[in-house]
Amino acid sequence: MSSSKDNTKINIAIPFDRELENLASIYSVEEETTLSYLDLMRRSIKEKYDLNE
């Protein structure tokens, strides 16, 4: 079975999640949208590894 989109899930513990939540709040206000810290992590990983949507 092959699919057009493969998804990889990684479970990690983040000891600094409160700081990331605060940062997501700041970005949400600046971008006038709702962002979670997971959204910020996804964005950073995409930028770091030059991944396309």
Side-chain angles (χ1 to χ4, degrees):
M1 245 192 226
S2 66
S3 67
S4 61
K5 186 175 181 179
D6 293 327
N7 288 323
T8 302
K9 293 184 180 183
I10 301 171
N11 293 323
I12 57 174
I14 303 170
F16 47 89
D17 61 336
R18 187 174 302 282
E19 288 85 356
L20 288 174
E21 288 174 1
N22 291 337
L23 188 59
S25 294
I26 293 168
Y27 272 82
S28 293
V29 170
E30 289 178 358
E31 297 183 9
E32 298 179 351
T33 188
T34 302
L35 294 171
S36 69
Y37 72 90
L38 294 175
D39 295 325
L40 294 181
M41 290 177 65
R42 284 186 201 97
R43 183 185 292 181
S44 297
I45 291 168
K46 285 179 183 180
E47 288 176 10
K48 171 71 177 172
Y49 295 103
D50 196 28
L51 302 174
N52 295 324
E53 301 257 347

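For reference, positions follow the sequence shown, starting with 1.
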Min side-chain heavy-atom separation Leu40-Leu20 under 4.5 Å: no
Partners meeting side-chain contact (heavy atoms from CB on, under 4.5 Å) with Asn22 (sequence neighbours left out):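 side-chain contact (heavy atoms from CB on, under 4.5 Å) check on Asn22 returns Arg18.
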Residues that Ser28 engages under side-chain contact (heavy atoms from CB on, under 4.5 Å), provided they are two or more places apart: Leu35
Distance (rounded to the nearest 0.5 Å) between Ile45 CD1 and Ile10 CD1: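 That separation rounds to 7.0 Å.
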hydrophobic_cluster_shared for Tyr37 and Phe16, side chain cutoff 4.5 Å: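 Looking at the clustering, Tyr37 is in the same group as Phe16.
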Heavy-atom closest contact (Ala24 atom, Ser36 atom, distance): CB-C, 3.6 Å
